[in-house]
Amino acid sequence: MSDAAPTAPVIRADAPGSFPHRTLAERHPAIIRQVRAGLPYEPPQQHALDALLKNCTEGVIEPLPADAPDRERWQSWGMDTYAGQSWFDVPWLWAESYFYRRLLGAVGYFGPGAWCGIDPFRPSKTGELHSAGTDAELSALEDLRDRPADDRDRALLSGSLWGNRADLSFQLSAEGGERREAAPGLVADDSDLLWSLLPPGGTGTLCLVADNAGRELVPDLLLIAALLTEPRIGRAVLHLKPTPYYVSDATTADVIDALHRLRSAGGLAGEYGDTLWSALGDGRLVLRAHPFSCSPLPYGEMPDDLRADFAAAGLTLLKGDLNYRRLVGDRYWPATTPFDEVTAYFPGPVAALRTLKSEVVTGLSAATEEALDKAEGRKWLTSGTHALIQVNPSAGPDGQ
């Protein structure tokens, strides 16, 4: 961000009882135990996981081994600066990200050895992708086949926003009701502005920065398929994680699994799956897995090649809570901080689609924040029961 951009305190996990502190002290150990139980790891991996469990709760941040393939990259991302400090005393975003890198190292993901490249989170991802809930949502997609295109698009956008919290069939009737609630489910809604950047007959490029795999990746892919089919875009670039990350974040392998799932579903889901399969083959859908996607840094520090990718898009759509934290900066922003101001650095028009699962939020009206606080205290920030659609159409060199 520029020097003129607003600032707020960086979030750390050093306050016992805080949401970040509970994440490091409780959730991360639970994830280690889940990974240990999810695959039949051999003694070296089991011992390494046990050591990581002890280190991340009682120890200090340790540098990567000298032979780690990404050691220099992590050094440029701050590893040497934070080594020797408590996990709880460094920026929360950095500590979380480094935890997942250390977890991959513990299970042998980077090799050499038989466990090289094995996703430790795959059991939970595939289980969700082939669940009864996913079956029901793909069946419900048929109800959208004969809807007007605008209605279908809005339903698919809402499905992508809420992920596995809501099936595709109920979205059309639910949106209006949410806006009238005292504590609305949708706390900010720039969807009309978003659609104005994706006009019917459009031929531009959409960059979609994915969040979770499994049941949440499916509606993202369905949305892309619909936009290509109508068309509202001529090309989509789907940004993924180059390695497994944050338990459920989507990788290229997860996209392939999801496409197989769609194509086998039949009906409109199968047709959209075939569309995406063909689009990969003819270049209308492009997959990206940039190393920076697994960095512990905000997008304000993105490298030039990634900046150029986003600058070339008519719209970049960032999915999920982690991408939102990286977009606006992982800070204790006042909720009324203008979204346009904290995203002015972004190289092109940008939109965020996100359910609230952390204490980072911008762009709310004072009345909305007051209603949420009155109804729920501050739990609305982290419960995942509220969401937002925010757009900055003038981000980039011409709009700063």
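On a predicted model such as this, the values are computed, not experimentally measured, just so you know.
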Just how far is it from atom CD of E359 to atom CZ of R325, taken to the nearest 0.5 Å? 10.0 Å
Atom of W77, atom of C294 and distance for their closest heavy-atom approach: CZ3-O, 4.0 Å
Reported CH2-to-OG1 distance for the pair W380 and T385, which is rounded to 0.5 angstrom: 10.5 Å
Could you please spell out the steps behind the ring pair (Phe, Tyr, Trp, His ring centres under 6.0 Å) verdict for W87 and H21? CA-CA 10 Å; W87 290 83; H21 190 279; over 10 Å; no
Check this for me, if you would: do R354 and D211 make a salt bridge, where the nitrogen-to-carboxylate-oxygen distance has to be below 4.0 angstrom? no
Salt-bridge contact D89-R12 (side-chain N to carboxylate O under 4.0 Å): no
How long is the gap from CZ on R27 to CZ on F19, to the nearest 0.5 Å? 8.0 Å
So CG of L259 and CG of D274: to nearest 0.5 Å the spacing works out to 9.5 Å
Pair R215 + D135, salt bridge at N-O below 4.0 Å: no
Between S97 and Y245, does the side chain to side chain donor-acceptor pair (under 3.5 Å) criterion hold? Intermediate values first, please. CA-CA 8 Å; S97 301; Y245 200 60; 2.9 Å; yes
Distance (rounded to the nearest 0.5 Å) between T23 OG1 and I11 CD1: 10.5 Å
Here the salt bridge (charged side-chain N to carboxylate O under 4.0 Å, His left out) pairs for residues 227-242, sequence neighbours left out, are D150-R232, D153-R232, E230-R232, K241-D249
Between F292 and R307, is there a cation-pi geometry (under 6.0 Å to ring centre, at most 45° from the normal)? no
Decide ring pair (Phe, Tyr, Trp, His ring centres under 6.0 Å) for H239 and F310; before the verdict, give the C-alpha distance in whole Å, the side-chain angles of both, and the deciding distance to 0.1 Å. CA-CA 10 Å; H239 284 261; F310 293 147; 5.1 Å; yes
If I take atom CG from residue L262 and atom CG from residue D257, how far apart are they, to the nearest 0.5 angstrom? 11.0 Å
Look at R22 together with E26 and state whether they make a salt bridge at an N to O cut-off of under 4.0 Å. no
